[in-house]
**Student:** 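Here it is, the structure in full.
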Amino acid sequence: MSTISDLASAGSSSAQNNAASQSISANYDLFMSMLTTQLQNQDPLDPLDSAQYTEQLVQYTQVEQQIQQNENLDQLLVQMKTQNASQFVGYIGNEVTALGDKAILVDDEAKWTYVAPQDGKAQIEIKNSEGAVVYREEVDIKEGDGTYKWEGTTESGSKAADGVYSISMTMQNELNQPFEVSTNITGVVTEVDFTQGEVVLRLGDLEVPVSDITKVKQV
């Protein structure tokens, strides 16, 4: 549906150009008819100024050329969108890793990967889709790549419902200044959305801009 919507938009633009071209053509024919009639009936002793008509003729020709160029550009845009759609559809069914703080809690597990710049303690906060903090803890992490797993336990000790949750990991540098540790999410692409301007990949209930993808793995 998304691809059809985009191509339909391009088709609408092409239709507008066609209508404009037909209008210019009709006006051009009328102009030539008037010009011919006036030339046939002009006073030989006081001829009409041909320079003005020549200038108008040139302007009409330039407009026609511009419309033709626009039509050619529309055709190129449609071809490019079709090619891009085919390219991104290839993500479907493959596993991708992307920058992001959201993950899906399923069967009492949600996980995020991260890259820590140093050893230390990290303050973890997990929020639900409404932005409310449901869990906090402090963990020791090592410099380099790591994975944080949350088993869905809330601060009250109950189990959180399955769904989308976001995480923040905060550490402190040598000057005890806090900084955020960037996190990544991993999942299998189930859908490609072209309706939002930038192409968006869907990993189940998660939406990931294609520009945030850092790794693709065939599964």
Side-chain angles (χ1 to χ4, degrees), residues 1-14 70 72-106 109-118 122-135 139 141-150 160 162-171 173 177-219:
M1 293 296 292
S2 301
T3 305
I4 293 175
S5 175
D6 285 347
L7 295 181
S9 176
S12 174
S13 176
S14 178
N70 290 343
N72 292 337
L73 286 175
D74 284 337
Q75 293 175 0
L76 288 174
L77 287 174
V78 171
Q79 293 176 0
M80 291 177 62
K81 287 184 178 181
T82 302
Q83 292 173 354
N84 287 339
S86 300
Q87 172 187 353
F88 293 123
V89 165
Y91 280 109
I92 296 177
N94 289 322
E95 181 183 273
V96 299
T97 299
L99 299 174
D101 62 352
K102 293 181 174 60
I104 301 176
L105 176 66
V106 179
E109 182 178 282
K111 61 182 180 180
W112 296 261
T113 58
Y114 60 85
V115 180
Q118 63 188 43
Q123 300 293 330
I124 305 293
E125 277 194 353
I126 295 178
K127 300 178 181 180
N128 61 20
S129 58
E130 297 178 353
V133 176
V134 297
Y135 184 71
V139 296
I141 61 176
K142 297 293 185 180
E143 179 180 356
D145 296 341
T147 299
Y148 177 81
K149 294 182 180 180
W150 176 50
D162 288 355
V164 178
Y165 293 83
S166 61
I167 190 174
S168 65
M169 300 182 65
T170 306
M171 296 184 67
N173 60 21
Q177 297 172 329
F179 64 91
E180 293 286 333
V181 177
S182 61
T183 55
N184 302 301
I185 55 176
T186 300
V188 175
V189 178
T190 57
E191 183 180 350
V192 182
D193 186 354
F194 299 95
T195 64
Q196 303 185 38
E198 181 178 9
V199 178
V200 173
L201 306 182
R202 296 186 187 277
L203 284 58
D205 293 333
L206 294 179
E207 293 186 351
V208 178
V210 72
S211 59
D212 288 345
I213 300 298
T214 59
K215 185 186 300 183
V216 180
K217 179 181 178 182
Q218 190 174 23
V219 296

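For reference, positions follow the sequence shown, starting with 1.
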**Student:** Find out whether Ser168 and Glu180 are in side-chain contact, i.e. whether some heavy atom of one side chain is under 4.5 Å from a heavy atom of the other.
**Tutor:** yes
**Student:** On a heavy-atom basis, which atom in Ala116 and which in Lys142 lie closest, and how many Å separate them?
**Tutor:** CB-O, 3.4 Å
**Student:** Under 4.5 Å between any side-chain heavy atoms of Ile92 and Thr190, yes or no?
**Tutor:** no
**Student:** Can you list the residues that meet the side-chain hydrogen bond (donor to acceptor under 3.5 Å, both in side chains) rule with Glu109, with sequence neighbours excluded?
**Tutor:** none
**Student:** Have Thr97 and Thr186 got a donor and an acceptor in their side chains that come within less than 3.5 Å?
**Tutor:** yes
**Student:** Rounded to the nearest 0.5 Å, what's the gap from CD on Gln218 to CD on Glu95? Could you check?
**Tutor:** 11.5 Å
**Student:** Would you check if there is a donor-acceptor pair between the side chains of Thr170 and Gln123 at a distance under 3.5 Å?
**Tutor:** no
**Student:** Take Thr214 and Leu99, measure what side-chain contact (heavy atoms from CB on, under 4.5 Å) needs, and give me the verdict at the end.
**Tutor:** CA-CA 7 Å; Thr214 59; Leu99 299 174; 4.1 Å; yes
**Student:** Could you tell me whether a side-chain N or O of Trp112 sits under 3.5 Å from a main-chain N or O of Thr147, the two making a donor and an acceptor?
**Tutor:** no
**Student:** How far does OH of Tyr135 sit from CD of Glu125, to the nearest 0.5 angstrom?
**Tutor:** 12.0 Å
**Student:** CG/Asp101 to OH/Tyr165 distance, rounded to the nearest 0.5 angstrom?
**Tutor:** 14.5 Å
**Student:** Hey, are the side chains of Trp150 and Val134 touching, using non-hydrogen atoms and a 4.5 Å cut-off?
**Tutor:** yes
**Student:** Hey, which of Met169, Lys102, Lys111 is the one that makes side chain to side chain contact (heavy atoms under 4.5 Å, CB included) with Thr183?
**Tutor:** Met169
**Student:** With heavy-atom distances below 4.5 Å as the criterion, would you say the side chains of Tyr91 and Val89 are in contact?
**Tutor:** no
**Student:** Answer whether the closest heavy-atom distance between the side chains of Tyr114 and Ile141 falls below 4.5 Å.
**Tutor:** yes
**Student:** Kindly assign one of parallel, tilted or perpendicular to the pair Phe88 and Phe194, based on the angle between their ring planes and the thresholds 30° and 60°.
**Tutor:** tilted
**Student:** Please tabulate, for side-chain N and O atoms in residues 199-213, each donor-acceptor pair with protein atoms closer than 3.5 Å (sequence neighbours left out).
**Tutor:**
| from | atom 1 | to | atom 2 | distance (Å) |
| --- | --- | --- | --- | --- |
| Arg202 | NH1 | Glu207 | OE2 | 2.4 |
| Arg202 | NH2 | Asp193 | OD2 | 2.9 |
| Arg202 | NH2 | Glu207 | OE2 | 3.2 |
| Ser211 | OG | Glu198 | OE2 | 2.4 |

